[in-house]
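Input: a single structure, listed below in structure tokens.
Side-chain atoms are counted along with the backbone in the values below, which use heavy atoms only and exclude waters and symmetry mates. Labels below follow one simple rule: chain letters A, B, ... track the order of the sequence lines, proteins then strands, and each chain is numbered from 1.
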Amino acid sequence: MTVPKDRARVQLPPTTTIGRRAALGLAAGLAAPFLLPGRAEAQAALPDVTNVPDILKGRGEVRVATFGGTMQETQRLAYFEPFERLCGIQVRDVSGSDSGKVRAMVETKNVEWDLCQLSRGTVLNLQKRGDYFEPVDYDIVDGGVESQYRFEYGLEMLVWAQVMAYRTDAFKGAVPVGWKDFWDTRKFGGERALGGHTSGQTPELEFALLAAGVPADKIYPINVDTAFASYDKIKSEVVKWWDTGALPVQMLTDREVTMTSVWNGRMAALQAAGVPAAISWSQGLLKRDCWAVPKGARNAANAMKFIAFSTMAVPQARVSLQIPYGFVNSKSVEYVPAERLAILPSAPEIKSQLVPYDYGWWVDNRDAVLARFNRWLLT
Amino acid sequence: MDGVATVLAGAGAAVTLRGLEKNYGGHGAVRGVSIDIRSGEFLTLLGPSGSGKTTTLMMIAGFEQPSAGELLIDGQSMLGVPPHRRNLGMVFQSYALFPHLTVAENIGFPLKQRGVPKAERMRQVEEALRLVQLPGLGGRNPRQLSGGQQQRVALARAIVFRPRLLLMDEPLGALDKQLRETLQLEMRRLHAELGITFVYVTHDQEEALTMSDRIAVMENGQVAQIGTPEDLYDRPANRFVASFIGESNFFPAVMRGIEQGRVVAEFGATRLQALAGSLPAAGAEIMLTTRPERLRFVDGAPPAPGENRLSVTVREAIFAGERCRYLLEAAGGTRLVLKEASGAAIRRRAAGETAEIGWAAEDTILV
Amino acid sequence: MSDASLSDAGAASPPLAATRPARLRLGPLAPWLLALPPVAFMLAFYALPVLGMLSRAVLDPGWTLVHFQALGDDPVFQRVLWNTLYLAVLVTLGTLLLGYPVALLLVRARRMAPLILLLILLPFWTSVLVRSYAWMVLLGRHGLVNEAMLALGLLDRPLRILNTPLATQIAMIHILLPYMILPIANTLRQIDHSLLRAAAGLGASPWSTFRQVVLPLSLPGVAAGTLLVFVLSLGFYITPALVGGPRDTTLSMLISQQVDQLNWAYAACLSAVLLATALVIIGVFAKICGLGGGAFRMSAR
């Protein structure tokens, strides 16, 4: 399960990603002194999409549900606008993408979205219960899109990491590396926050295992008992099991915690705002967002064209230049300067430190783990 | 009933107002009121709305603080004493019964504040209910009672703790005429039985005349005149009092002098005599007044000594049962009213007739 | 007693009766006809969807009560229900204790009343989210409250308030305070001023007047405010999620989790419990206070 960047109803100030509701914009204003949007730096030099295959051109519209917030603005600049201009199809983007809504829309045959931003885990989980998505039309998808991002009912289009972040001013210069250090509250004092499980998130059992000394390549299949035994050791230090991406960043900013897990894209803004905080890429989880087309979508053909367009080399690069998330098209490398490449989760020296999130294991075990997590936390 | 009255009876409080003033943002609602209210007296503050009567009452009660002046109850200054320490009863026009309490609880309220034990309280409440002739209604909710009954309850509540002073602010104002007259009599009776001092506010002069030992007529925040009902009626001190209490005829006249202790003045070409009050200089413009029922048609009978005579034209004749009422016009256009007992009339006059009227100089007042 | 006064004894409150006849001309059906559109609206857009949602609790996969039976020995559910009820009770008490004096002040203050009202209503114009945020800023370890107490020497190291149940309680009390103040102020305003004078004149001290007259007469407002705040508290979601402690999951949060995890039958069960709790509370209040007659009567006179 994945990415739900911000599926939460509770939305913290969108910094680099998402924000589910218009009302949330107010929150951004409030927290502005702490978290300044940090995506402006790369905007000046976005490469232009110069030509598109005729097969991607068309008419009419495509209704796209995203996770909202500033990520939606990034997406508008990166590929909604060029797609409208070059392919002649209007993009009507709305925020609030959510698997529950997809389920309700498909079941009531009132499908209001042609395309939505979800995660592979969410798509597979829903698909387990019935037929909720259209298969992706891979005939028109760019050859540069690596096969690991392709699956029958969706195409992944954004690569990001769930990593450890800490306050650099908290440990007198000591640098925590990996989850063993995170769990070691004597050496690295202060309170912690970790990911909870609302909003499509899964609890970070992987981190618990890594802290318990399980090697990165032996994590899956997850030994749930070992993971919870490891969780027991940190439970009393965790002041928040966050369920929305802005919370850990806010708590780090406000010095409520010295260490937390975060979505890597959020940290750029934090650092740009001068907060003494850093990411430890070591033992992070590599995750992805995908596009999926709800079953029975009116403009499914346009949605397929959009999927193909947005995963082309240049549109993908235009995202990574605005926000430090990786691309899925291997040819995008040509459009991203080396110093920018180095801070993306897809950069080789970063990627090698990350553990790929196993969507398959979680699709099979999610319900049982979440129930156990609730029991473990509350009783 | 007598037993109850004896229990509740006690000497009334004496209240002294000395130069009492109340200003609201520069506007003087009460401007120097001085009254000595005697122990056990029924004193009415009478005046039109805005005359300051209610404000004066509220200062006695302690709900308003005087801007200047002194207020004594039984010789003790009340300035700065909060209302709940003044130990006086109060009845409002709106009854002000507590809607969440029963009739008995309402009446018991002041006793409860004074720490009277419950059994004793219930006994006294029942006595008070009998005193206001509502025995057995203690269990009712005030809302279930008629307006008259509610005001009796309010009265019972105001006297049950035997205050030495009872203040009433237009208590009968919300009741219809018949009920009002009944309750007026009862208040007189209560006053007589209890012997406590009543200070009563009303704008109804008839009510004031019926009930009061003395009346203080108020105008523009000041006492225009204070006296017994007879004093005010027969010897109004000024034109305001003369017109506010009862009906009056006014004769604008020119002062001519004093003869045999009487004021002599000229009303147009007619010479009139009046009781001497103040003594204006000869030639001054003065105003004489007399009551309509003191005028009578004389029809050429020789004038008695000291009788005023005047020729008039009948403008309108109104038969009103026990009496007839005539609207007359004197030379110069002055309008007069004459009331004549129907039985005493020599004959009915018709509109347009000319007639001669007469009245005694003693009934003529210089105001 | 004289005949005259007895004769009017039968007619209760003549002044009230006198004002009545003019507005009843439309006929007895008029109120029902007027209420029809909103009732139809609520049926179509609220009651039916709610029923549809609740039906999932007993129709997944076929007719079954197994989801409800499971709640009986579900320790997570019991803990969450307890959290929710405990929080609602505490928040209701808090708003009552803080709100009543404010309501009194609002009614007593003459020239300042509009300003006070504005201050009370001001938070209404910002979202619950933003207000919850503001509390994060205030209550944080390095927030205003802690910094102030440190500066005053009341503490030697910052207190942990944020991310504890106390933070949820404080923030929710603040957010829900207007719902307590306004109904109480409404009933206080309706209290005839002469009653207070009567009480004082009859020898009641200001405190006795408050206790024996003002307080009892304001109880309908207290009941309305209590009910509103309690029922609203039951459904609170954002604030506990943002400022609460790690274990302070409320029923709404659990429902949201379950919807998210596509466990719709379980979520529907929880919603049914939440709705039933609210209805029971409303029912109890209606029984005790007579809702129709007292608590929500906007103007007594």
Side-chain angles (χ1 to χ4, degrees), chain A residues 1 4 7-13 21 23-31 33-34 98-100 103-104 122 125-126 128-129 190-191 193-194 196-201 235-236 238-244 247 250-251 253-257 366-367 370-379, chain C residues 49 52-53 56 70 74-83 125-143 146 158 160-164 167 237-249 252-264 266-267:
Chain A
M1 201 69 321
R7 320 269 312 294
R9 283 136 195 99
V10 177
Q11 199 71 41
L12 289 210
R21 298 183 173 171
L24 303 180
L26 288 169
L30 184 81
F34 307 101
D98 171 283
S99 63
R103 178 178 174 182
T122 309
N125 243 311
L126 199 45
K128 241 187 7 179
R129 294 164 198 256
E191 280 154 340
L194 277 172
H197 68 95
T198 26
S199 324
Q201 287 255 104
K235 189 177 184 179
S236 62
V238 177
V239 295
K240 198 87 177 172
W241 297 88
W242 55 267
D243 54 11
T244 174
L247 250 183
Q250 183 76 48
M251 289 195 288
T253 308
D254 294 343
R255 288 181 283 167
E256 291 300 324
V257 295
R366 187 187 73 150
D367 292 354
L370 297 193
R372 177 157 174 184
F373 182 86
N374 261 353
R375 240 181 1 259
W376 170 79
L377 180 63
L378 295 174
T379 62
Chain C
M53 183 271 296
R56 282 182 184 272
D74 177 352
V76 169
F77 163 74
Q78 281 154 15
R79 161 85 194 207
V80 166
L81 182 64
W82 167 250
N83 277 352
W125 295 327
T126 48
S127 73
V128 170
L129 184 64
V130 172
R131 279 180 276 167
S132 302
Y133 258 106
W135 279 110
M136 285 176 71
V137 172
L138 287 173
L139 297 178
R141 177 148 300 186
H142 302 276
N146 264 318
R160 183 171 145 196
I161 309 173
L162 186 61
N163 302 321
T164 67
Y237 172 88
I238 293 178
T239 308
L242 278 183
V243 306
R247 290 156 55 89
D248 303 330
T249 306
S252 308
M253 289 163 74
L254 190 60
I255 290 171
S256 162
Q257 279 180 14
Q258 299 305 323
V259 168
D260 204 74
Q261 289 162 26
L262 305 173
N263 291 337
W264 288 9
Y266 186 41

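- A donor-acceptor pair under 3.5 Å links the side-chain atoms of C/Arg131 to the main chain of C/Thr126, judged by distance alone.
- Taking C/Gln258, C/Gln78, C/Arg79, C/Met253 one by one and counting their heavy-atom pairs under 4.5 Å with chain A, the maximum is reached by C/Arg79.
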* To do: Show the numbers, then the answer: is there a side chain to side chain contact (heavy atoms under 4.5 Å, CB included) between C/Trp264 and A/Arg103?
  => CA-CA 11 Å; C/Trp264 288 9; A/Arg103 178 178 174 182; 3.6 Å; yes

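- In this structure, C/Arg247 fails the cation-pi test against A/Trp241, since its NZ or CZ atom is not both closer than 6.0 Å to the six-membered ring centre and inside 45 degrees of the ring normal.
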* To do: I would like to know whether A/His197 and C/Asp260 meet side-chain hydrogen bond (donor to acceptor under 3.5 Å, both in side chains); could you show each step before the answer?
  => CA-CA 9 Å; A/His197 68 95; C/Asp260 204 74; over 6 Å; no

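- Heavy atoms of A/Val238 lying under 4.5 Å from chain C belong exclusively to its backbone.
- Proximity to chain A (any heavy atom under 4.5 Å) is shown, for C/Val128, by neither the backbone nor the side chain.
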